[in-house]
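What follows is a set of notes on a single structure, which appears directly below.
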Amino acid sequence: MELVIRQGTHGRGAFAPGRIPKGTFIFQFTGPLLRYADTTADTLALQIGPDLYIGESGGADDCVNHSCEPNAYVKIEGTTATLHALRDIEPGEEIFFDYSTILDEDDFTMSCLCGTPSCRKLIGDGKNLPPDVWERYRAMGILAEYVVASREKKR
């Protein structure tokens, strides 16, 4: 699926070219595999496991922004990460996922500027999500397995 890349809520954003029905595969994240030691706070990387990331690709997958009210989610299987529609996405709508669903880094947070009614103001580890958000995401099945394991270990 060819997404439209243009100015979004937080810099470049990825937008739906047409209606995307709930559950639709949108794309696969590409880019080099990285370890934590290969990243900095400025590295565009998608965490896909403990100490494992997919780096910047130069494509649309680098342009999907965060929202505390996402319309998409990341599915991780081994070293493959794919983006899927969490709900119907309308033509021209910016595509977002909640970064916390895949984050398990104790030393990384960033301010959230999504502006949604449920904005948490801070993006951080999934294991630290508020209980209501955690339970909702868990019921949807959109939390990475390593994030679930990290929260269970934390208890």
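Taking the side chain as every heavy atom from C-beta outward, Tyr53 and Asp38 never approach each other to under 4.5 Å. Looking at heavy atoms from C-beta onward, Thr24 lies in side-chain contact with Met1 at the 4.5 angstrom threshold. Using a 4.5 Å heavy-atom threshold, the side chains of Asp106 and Lys127 count as touching. Using a 4.5 Å heavy-atom cutoff, the side chains of Tyr73 and Ile102 are not in contact. Side-chain contact between Phe108 and Gln47: absent, with no pair of heavy atoms (C-beta onward) separated by less than 4.5 Å. At least one side-chain heavy atom of Ile26 sits under 4.5 Å from a side-chain heavy atom of Ile89. In this structure, the side chains of Ile48 and Leu33 come closer than 4.5 Å at one or more pairs of heavy atoms.
Both Leu46 and Tyr146 are members of a single hydrophobic cluster when ILVMFWY side chains are connected at heavy-atom separations under 4.5 Å. If you chain together hydrophobic residues whose side chains sit under 4.5 Å apart, Leu83 and Leu143 fall into the same group. A chain of hydrophobic side-chain contacts below 4.5 Å, direct or via other Ile, Leu, Val, Met, Phe, Trp or Tyr residues, connects Val133 to Leu86. By the criterion of side-chain heavy atoms lying less than 4.5 angstrom apart, applied directly or through intervening Ile, Leu, Val, Met, Phe, Trp or Tyr residues, Leu34 is not grouped with Leu52; the two fall into different hydrophobic clusters.
The side chain to side chain contact (heavy atoms under 4.5 Å, CB included) test applied to Asp132 returns Pro130, not counting sequence neighbours. When the side-chain hydrogen bond (donor to acceptor under 3.5 Å, both in side chains) test is applied to Asp42, no partner is found at least two apart in sequence or on another chain. The side-chain hydrogen bond (donor to acceptor under 3.5 Å, both in side chains) test applied to Thr43 returns Thr40, not counting sequence neighbours. Residues passing the ring-ring contact (aromatic ring centres under 6.0 Å, His included) test with Phe29 are Phe27, sequence neighbours excluded. Taking the salt bridge (charged side-chain N to carboxylate O under 4.0 Å, His left out) definition, one finds that Glu2 meets it with nothing, sequence neighbours left out. In this structure, the ring-ring contact (aromatic ring centres under 6.0 Å, His included) partners of Phe25, at least two apart in sequence or on a different chain, are His84. The ring-ring contact (aromatic ring centres under 6.0 Å, His included) test applied to Phe97 returns Tyr99, not counting sequence neighbours. Qualifying side-chain hydrogen bond (donor to acceptor under 3.5 Å, both in side chains) partners for Tyr137, counting only residues two or more places apart in sequence or in other chains: Asp98.
Screening residues 5-28 for salt bridge (Lys or Arg N to Asp or Glu O under 4.0 Å), with sequence neighbours left out, gives Arg19-Asp88. Every pair passing salt bridge (Lys or Arg N to Asp or Glu O under 4.0 Å) that includes a residue from residues 59-77 is listed here, sequence neighbours excluded: Lys75-Glu77. For residues 133-142, the set of pairs meeting the salt bridge (Lys or Arg N to Asp or Glu O under 4.0 Å) definition, not counting sequence neighbours, comprises Arg138-Glu152.
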**Asked** When you look at Val74 and Val64, which way does the side chain to side chain contact (heavy atoms under 4.5 Å, CB included) test go after all the steps?
**Response** CA-CA 11 Å; Val74 175; Val64 180; over 6 Å; no

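Other members of the cluster containing Phe15 are Val4, with ILVMFWY side chains joined at under 4.5 Å, either directly or via other members.
Between the CD1 atom in Ile76 and the OG1 atom in Thr101 there is a gap of 7.5 Å [rounded to 0.5 Å]. The OG atom of Ser100 sits 4.5 Å away from atom CZ of Arg120, with the distance rounded to the nearest 0.5 Å. From Leu113, atom CG reaches atom SG of Cys68 across 10.0 Å, with rounding to the nearest 0.5 Å.
Between the side chain of Arg87 and the main chain of Asn71, no donor-acceptor pair closer than 3.5 Å is present.
For the side-chain contact (heavy atoms from CB on, under 4.5 Å) with Leu103, the lone residue among Thr109, Ile123, Val147, Leu129 that qualifies is Ile123.
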